[in-house]
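These notes are about the structure you will find just below.
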Amino acid sequence: MSEGLIDAAWRAAHPLPDLGDGMDKNARGQGLIVGGSASVPGALLLTGEAMLRTGAGKVRLATVDRAAIGVGVAFPEAAVVALPADEDGEIDASAATLLARHLEHCDALILGPGMIERQQAAELVEKLLDSVAPATSILLDAGALTALRGKRAVPRALEQPVVMTPHHGELARLTGIDEDVVTRDPAKAATETAAAFGTIIALKAAETVIADGHGRLLLYSSDAPGLGTAGSGDVLAGIIGGLLARGVDPFVATAWGVWLHGEAGKAAATTIGPVGFLARDLPRHLPRLMASQ
């Protein structure tokens, strides 16, 4: 297993692609973000802004119908898709049919921000992953991620590796192992889970572990305690998703996304304070961070 840090040398060896002059929004990649609920309608706003701030050209937000108009008004740069909800205000599995045509024009799919794990989520995830185009990059977060518990074959059937962004508790629920086991050896837990599901794992913590199950392992220590705030993970999903939409290799996009997220936390800590900045304060720092590399 090759372990390394996402330091300046690694970033220099794995540069982000140059967008070039005059590249239009379609050429920069289109993202589709599916998630949210009646109780957490704003999660997609955080993910969507991070996706655009990281360079994606277009973003479409798909969420429950009762929240869609409000989301669209709050985020004029994005298109919205209204989806049917179940009696608990979560996205109904039947939404997969409505989303099929949007998947045709999607370079990167983010599934899960603002969703909780339940049977409807599991059915939705399976149907969407079965419908996605082979070239589409995929990131699973939150309830969409843990919905794959016991279903290792689902992500393995796809052409390219899915990115999963769990925290320690979510990895424990996904795998069925005790959370204390994950915490004692997060590198081992991330590597074994990535190998079992055929995915790339970004195991979120003060020291985040990125593993692909094939011997690659990267570490990043954020040194920004303020990142432990509601919505921070939704922003990370959007950062990685924006890079995926631009065509960045999934493992490289995940590592860069973790670094950008952590460095944005440091920038917010400097300008606002070490604790008390909000997840919505992070995306504004991303363009400068990318330009400085």
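Fair warning: this is a prediction, and the values are worked out from it, not measured in the lab.
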Next on the checklist: I'd like to know if the side chain of Gln30 and the backbone of Asp107 have a donor-acceptor N/O pair within less than 3.5 Å.
Outcome noted: no
Next on the checklist: If I compare all heavy atoms of Ala147 with all of Ala122, which pair ends up nearest, and what's the gap?
Outcome noted: CB-CA, 3.7 Å
Checklist outcome for this item: One should read off an interatomic distance between Leu5 CG and Trp259 CH2, to the nearest 0.5 angstrom, of 13.5 Å
Item to check | Straight-line distance of Gln160 CD to Phe251 CZ, nearest 0.5 Å | outcome: 15.0 Å
Checklist entry - Is the backbone of Leu145 close enough, under 3.5 Å, to the side chain of Glu170 for a donor and an acceptor to pair up by distance? => result no
Next on the checklist: Other residues, nucleotides and ligands only: do more than 12 of their heavy atoms fall within 6.0 Å of CZ on Arg152?
Outcome noted: no
Item to check | N/O donor-acceptor pair under 3.5 Å between Thr47 side chain and Asp234 backbone | outcome: yes
Checklist entry - Considering all heavy atoms of both residues, which atom of Gly257 and which atom of Leu243 are nearest to each other, and what is their separation? => result N-CD1, 3.9 Å
Item to check | Exam field: side chain Thr229 to backbone Gly226, donor-acceptor pair closer than 3.5 Å | outcome: no
Checklist entry - Would you say Arg28's side chain and Gly55's backbone share a donor-acceptor pair under 3.5 angstrom? => result yes
Checklist outcome for this item: Rounding to 0.5 Å, atoms CG (Leu218) and OG1 (Thr254) come to a distance of 10.0 Å
Checklist entry - When rounded to the nearest 0.5 angstrom, what distance separates OG1 in Thr193 from CD1 in Ile177? => result 5.5 Å
Item to check | Pair Lys204 + Asp141, salt bridge at N-O below 4.0 Å | outcome: yes
Item to check | Thr191 side chain to Lys188 backbone, donor-acceptor under 3.5 Å | outcome: no
Item to check | Test: Arg156 cationic atom under 6.0 Å from Phe197 six-membered ring centre, within 45° of axis | outcome: no
Checklist entry - Does atom CZ of Arg280 have more than 12 heavy-atom neighbours, drawn from other residues, nucleotides or ligands, at distances under 6.0 Å? => result no
Checklist entry - Mind checking whether Leu32 and Val132 sit in one hydrophobic cluster, side chains of I, L, V, M, F, W, Y counted as touching below 4.5 Å? => result yes
Checklist entry - Salt bridge check: are Glu90 and Arg118 linked by an N-O gap of less than 4.0 Å? => result no
Checklist outcome for this item: Separation between CG (Leu282) and CG (Leu260), nearest 0.5 Å, reads 11.5 Å
Checklist entry - Mind checking whether Leu129 and Ile201 sit in one hydrophobic cluster, side chains of I, L, V, M, F, W, Y counted as touching below 4.5 Å? => result yes
Next on the checklist: With no hydrogens and no angle check, just 3.5 Å: does a side-chain donor-acceptor pair link Ser232 and His261?
Outcome noted: yes
Item to check | Electrostatic pair Arg101-Glu104, nearest N-O below 4.0 angstrom | outcome: no
Next on the checklist: Would you say Leu52 ends up clustered with Leu278 if hydrophobic residues are merged whenever their side chains have heavy atoms under 4.5 Å apart, either directly or through other cluster members?
Outcome noted: no
Item to check | Worked check of side-chain contact (heavy atoms from CB on, under 4.5 Å) between Val34 and Leu83 | outcome: CA-CA 9 Å; Val34 182; Leu83 302 175; 4.2 Å; yes
Checklist entry - With hydrophobic residues grouped by side-chain heavy-atom distances under 4.5 Å, do Ile116 and Met164 end up in a single group? => result no
Checklist outcome for this item: Taken to the nearest 0.5 Å, the spacing of Leu158 CG from Thr136 OG1 works out to 10.0 Å
Checklist entry - Hey, which of Val59, Ile69, Leu44, Val71 is the one that makes side chain to side chain contact (heavy atoms under 4.5 Å, CB included) with Val80? => result Val71
Checklist entry - Charged N to carboxylate O below 4.0 Å: is that the case for Glu117 and Arg149? => result yes
Item to check | Side chains of Asp92 and Ser94, donor plus acceptor under 3.5 Å | outcome: yes
Item to check | Audit row: Thr165, Leu139, side-chain contact (heavy atoms from CB on, under 4.5 Å) steps and yes/no | outcome: CA-CA 8 Å; Thr165 54; Leu139 183 147; 4.0 Å; yes
Checklist entry - Parallel, tilted or perpendicular: which fits the ring planes of Trp10 and His14, with parallel below 30° and perpendicular above 60°? => result parallel
